[in-house]
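As the structure lists them, so they are numbered: ligands from 1, and atoms in each ligand from 1.
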Amino acid sequence: MDASVSRSMILQLLVAPRESSNAVWLRVPTFVQMSTYLIIACILTLLILITTRSRKRVKLSGIHHPLRLPPIVGIPSSEIFTRPQEAYESALRDHGPVVGVWRKGRLEYIVGPEFTKDLFSDDQEFSFEDGVATVLNLPSIFRGSRFFKDVHLMISGGVIPKMEEIVDKIFPIFQRQAKEFVRQSETSGQPVDLFEHSHRCISEAMLIVALGQHHVNEQNIKLTEEVAHAIAIMTGIYQNTSPFARTFPVCWRIITWGRLVCEVILAKYCRIILPIIWKEVRSRRYKPLDNASPEQTDEEDSRDDPLLHYIARIYADGQGKVSFLGVVWLSILILAFIFASVHQTASVAVWVMFELSTRPEYLPAIREELAAVADSVDNTGAHRLSYESLRRASTLDSFVREVLRFKGDTLSLTRETTRDVPLGEFVIPKGHLVIPLTTLTHQSQSIYGDTATVFDAHRWTEGPPASMVSLNYLPFGVGRWACPGRILAIIEIKMIISTLVAIATPELEGGKYKVVDPLNITSVPPVGRLHCKQL
Ligand code: HEM
């Protein structure tokens with residue numbers, strides 16, 4: 001081929017407009033296309049380089065330590081994501097009691113149960129806030145801010161002391177939805193989605209708790225569900241189930257956060273819920289917390305108030321008003337409340353119901369107990385349950401506690417070192433996640449005896465209740481940062497189970513369910529085809 005021909009062909013390929021030659025367009029990229037591909041390739045390469053953090057040697061921060069770094073154990077990703085319990089247990093058995101393991105581009109330190117106490121009693125060196133911010137992909141503005149303390153205060157002060165009133169308000173939702181759920185299952189003859197049911201019930205209930213009954217409507221319930229789901233995705237709850245997200249975590253985070261912040265948080269939450277919060281809060285004058293001049297405010301009895309007003313009162317100035325920035329901060333706290341209160345509880349409720357369906361021998365005792373503790377029973381067999389009667393349902397409580405102990409959480413709790421921290425004969429370098437392997441505690445023979453690996457739902461009938469934490473029982477963490485919503489969570493799970501088993505028998509197709517993410521058992525609900533047969 002002569003030079004002038006080849007030059008003109010190249011020129012034609014580079015400058016030929018799209019319309020001039022469809023055939024060439026299909027086969028050979030134009031100059032514009034080639035440049036676009038080049039730019040995309042550069043961006044992807046850059047993201048991959050950032051994402052796949054180089055596994056450089058970990059260094060201590062300049063201080064001389066007589067202790068040594070823990071051994072780094074290579075566990076293939078396939079093992080971590082499919083059989084984490086066996087993989088981590090064998091790493092600790094062979095190299096323990098502290099091992100470093102790379103996961104999703106990050107070096108984490110996994111520790112045995114002998115270090116649980118150190119980890120959860122020293123918040124100065126093992127930071128809950130930094131650990132959670134890292135694990136949940138939260139932007140760095142959340143580190144060191146008042147965020148976690150305010151969320152904790154909001155729940156422990158604004159929700160838990162009002163449990164009796166809250167249960168009276170939300171129990172009818174669970175009962176109504178349970179009847180509808182069973183009716184659907186019966187009339188369609190098809191399996192029903194229990195996670196959808198639990199998520200929906202809890203979203204409606206939490207909307208009442210957060211903003212009050214008068215803001216409950218179909219649009220706001222759907223929005224609450226959507227927000228809880230979007231934040232669950234953003235915080236990486238489903239990250240393990242996507243190969244792309246596991247391999248390129250930073251890249252995945254940028255794309256997911258960008259999309260969901262725009263589509264859900266800005267376009268929906270800020271458009272619909274923020275104006276409600278603004279109107280509610282700005283139209284009130286709050287009683288100052290020190291009670292200095294209560295007669296000048298327009299507040300009645302605050303006990304019946306939704307959570308929003310409880311937390312707004314803390315942010316009110318001397319005149320009882322909340323500033324513009326205060327309202328923005330309250331909206332962020334309510335967003336956090338929706339996420340914390342909906343997703344995980346809905347997921348654990350599925351665990352409990354699926355376990356009960358595979359162990360129907362426990363049903364008669366649970367039903368008998370419900371009939372005994374109920375305040376009343378209607379003509380469909382449905383019970384009216386108060387907070388007190390739900391608390392007294394100890395057979396159900398024991399079942400829930402045993403499911404929480406037994407379901408196989410592995411890396412469910414985390415702390416981050418704020419400096420180089422000695423642990424046993426090792427030192428954990430600053431800025432690293434330290435994670436106890438929870439199964440080693442929950443299935444320990446030295447704690448639970450010979451039946452440690454046996455499911456026994458009568459184990460806790462004499463107590464302690466499912467919400468009580470200890471170093472031997474970690475589903476809700478332990479210590480200063482133990483889950484502040486655990487009493488509400490257990491009561492809600494009991495409401496979901498009791499309203500369904502009072503009127504129907506749950507049956508899993510094939511008597512089995514599937515664990516979707518063995519590494520994130522608490523937050524990712526198992527999958528199964530559930531039928532509810534009306535009694
Ligand atoms: C079955 C359902 C739930 C489970 C298994 C669960 C579990 C946990 C765990 C393991 C932690 C971390 C504790 C630690 O690292 O020491 C935690 C923290 C937290 N949970 Fe829950 N939780 C549940 C339901 C709830 C509910 C219903 C709420 C809200 C009403 C809530 C609010 C929080 C908050 C705000 C934190 C952050 C820690 C703090 O502020 O002290 N959780 N939860």
Taking only heavy atoms of [X] into account, list the atoms of ligand 1 that are under 4.0 Å away from them.
| X | value |
| --- | --- |
| Ser341 | 26 (C), 27 (C), 28 (C), 29 (C), 30 (C) |
| Leu413 | 10 (C), 14 (C), 15 (O) |
| Leu488 | 30 (C) |
| Val478 | 16 (O) |
| Thr522 | 5 (C) |

Tell me whether the NZ or CZ atom of [X] lies within the 45° cone about the ring axis of [Y] and under 6.0 Å from its centre.
| X | Y | answer |
| --- | --- | --- |
| Arg359 | Phe455 | yes |
| Arg480 | Phe128 | no |
| Arg415 | Phe120 | no |

Would [X] and [Y] pass as an ion pair if we require N to O under 4.0 Å?
| X | Y | value |
| --- | --- | --- |
| Glu226 | Lys222 | no |
| Arg200 | Asp193 | no |
| Asp305 | Lys162 | no |

[atom]: which protein heavy atom is closest, and how many Å away?
| atom | result |
| --- | --- |
| atom 12 (C) of ligand 1 | Phe128 CE1, 4.0 Å |
| atom 13 (C) of ligand 1 | Trp481 O, 3.4 Å |
| atom 35 (C) of ligand 1 | Val151 CG1, 3.3 Å |
| atom 1 (C) of ligand 1 | Val348 CG2, 3.6 Å |
| atom 27 (C) of ligand 1 | Thr345 OG1, 3.4 Å |

*asked:* My understanding is that only one of Glu204, His199, Met206 makes a side-chain contact (heavy atoms from CB on, under 4.5 Å) with Ile202; could you say which?
replied: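 In the set Glu204, His199, Met206, the residue that makes a side-chain contact (heavy atoms from CB on, under 4.5 Å) with Ile202 is Met206.
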Can you label the angle between the His309 ring and the Tyr286 ring as parallel, tilted or perpendicular, going by 30° and 60°? tilted
Given a cut-off of 2.8 Å, the protein N, O or S atoms lying below it from atom 21 (Fe) of ligand 1 are Cys483 SG
What one should report as the nearest heavy-atom pair of Asn472 and His442 is O-CD2, 3.7 Å
Nearest heavy atom to atom 15 (O) of ligand 1: which of Met206, His152, Arg415 does it belong to?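 The nearest heavy atom belongs to Arg415.
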If you compare Gly131, Ser156, Pro475, Ser412 by their heavy atoms, the one closest to atom 10 (C) of ligand 1 turns out to be Pro475
So, Tyr387 versus Glu165: side-chain donor-acceptor pair below 3.5 Å or not?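 No, because no side-chain N or O of Tyr387 sits under 3.5 Å from a partner of the opposite role on Glu165.
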Quiz prompt | Side-chain donor-acceptor pair present, Asn520, Asn240, cut-off under 3.5 Å | solution =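 Side-chain D/A pair, Asn520 to Asn240: absent.
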**Message:** Whether the side chain of Gln85 engages the backbone of Leu437 through a donor-acceptor N/O pair (distance < 3.5 Å, no angle test) should be reported.
**Reply:** no
